[in-house]
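Following: one structure in structure tokens, then a few remarks.
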Amino acid sequence: MESELKKFKIEYPYLPEGKRILYVFEDNKYMVLAKEYAEKYRSNLEQSGAAVIVKNKKVIGIGALGNNPTHIEGCERIKHNMPTGEGYDLCQGCNPKFHSEASAIRDAEEKGENILDADLYLWGHWWCCKDCWEIMIKTGIKNVYLLQNSEILFNKKASNNIIGRQFDKI
């Protein structure tokens, strides 16, 4: 079941004007798929995530954060305890071109899929960075869905986050 916008305002580190984030529960089949993909292809436990692109109830693209060889040795951002959204230049594996959203878009494009008006489900994060929003807007992603309560679950600043335990039953 999909929920409407949160009843309280979430202060995202970045959100383009006129855009919004929608939320789904943990049993949403596309969010379940994103979580499974994040777990299977994670290169580090702390920041694993995955995106699934869906159009007309068909999965047309999928990608995982850090699903690249430069992330295997560990993330410099994590080693330096960088705040979310900062220090992408410290780790080649954190380059926005390797983010889940961009990876899923690339996957869909490589398959020849039309992304216009598709939905993107993102597991493992509580917001999308500016670079990811730009590519999602450019390619015509219609809606972005996050996991209900992701602003707590995947936020380093939240005292009751699940970072490092995100593949346990939530």
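As the structure is a prediction and not an experimental result, all values here were calculated from the model.
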Run the numbers on Leu33 and Met31 for side chain to side chain contact (heavy atoms under 4.5 Å, CB included), then give the verdict.
CA-CA 5 Å; Leu33 180 60; Met31 195 59 72; over 6 Å; no
Got a second to check how far [X]'s [atom1] is from [Y]'s [atom2], nearest 0.5 Å?
X      : Y      : atom1 : atom2 : value
Ile10  : Asn149 : CD1   : CG    : 8.5 Å
Leu15  : Glu17  : CG    : CD    : 10.0 Å
Tyr12  : Asn155 : OH    : CG    : 11.5 Å
Tyr121 : Ile62  : OH    : CD1   : 13.0 Å
Leu153 : Ile162 : CG    : CD1   : 4.5 Å
Cys128 : Glu101 : SG    : CD    : 4.5 Å

Just to verify, what does [X] make a side-chain hydrogen bond (donor to acceptor under 3.5 Å, both in side chains) with, not counting sequence neighbours?
X      : result
Asp119 : Asn143
Trp133 : none
Lys58  : Glu113

Residue pair [X] / [Y]: nearest heavy atoms and the distance that separates them:
X      : Y      : result
Glu151 : Ala158 : O-CB, 4.4 Å
Ile137 : Lys19  : CG1-CE, 3.8 Å
Ala38  : Gly49  : CB-C, 3.6 Å
Val54  : Tyr30  : CG2-CD2, 3.4 Å
Ile60  : Ala118 : CD1-CB, 4.2 Å
Lys35  : Phe167 : O-CE2, 3.7 Å

Do Ile135 and Val144 sit in one hydrophobic cluster, given that two such residues count as connected whenever their side-chain heavy atoms are within less than 4.5 Å of each other, even indirectly?
yes
Only pairs at least two apart or in different chains count here, so list each salt bridge (charged side-chain N to carboxylate O under 4.0 Å, His left out) that has a residue in residues 103-112.
Asp107-Lys111
Residues that [X] engages under side-chain contact (heavy atoms from CB on, under 4.5 Å), provided they are two or more places apart:
X      : answer
Lys130 : Tyr14, Glu134
Asn56  : none
Ala51  : Ser100, Ala104, Leu120, Leu122

Trace of the side chain to side chain contact (heavy atoms under 4.5 Å, CB included) decision for Ile105 with Met136:
CA-CA 8 Å; Ile105 289 168; Met136 288 188 295; 3.9 Å; yes
Between [X] (side chain only) and [Y] (backbone N and O only), is there a donor and an acceptor less than 3.5 Å apart?
X      : Y      : result
Asn28  : Phe25  : no
Ser150 : Leu146 : no
Lys55  : Asn114 : yes

Is there side-chain contact between Ile163 and Lys156, with at least one heavy-atom pair below 4.5 Å?
yes
Residue pair His99 / Asp131, side-chain heavy-atom distance below 4.5 Å:
no
Test side chain to side chain contact (heavy atoms under 4.5 Å, CB included) applied to Ile53 and Val59, step by step
CA-CA 6 Å; Ile53 300 175; Val59 174; over 6 Å; no
Kindly state whether the ring of Phe154 and the ring of Trp123 have centres lying under 6.0 angstrom apart.
yes
Side chains of Ser48 and Gln166 only: does a donor on one sit below 3.5 Å from an acceptor on the other?
yes
Criterion side chain to side chain contact (heavy atoms under 4.5 Å, CB included) on Lys157 and Trp126, from CA distance to verdict
CA-CA 11 Å; Lys157 292 181 181 178; Trp126 67 281; over 6 Å; no
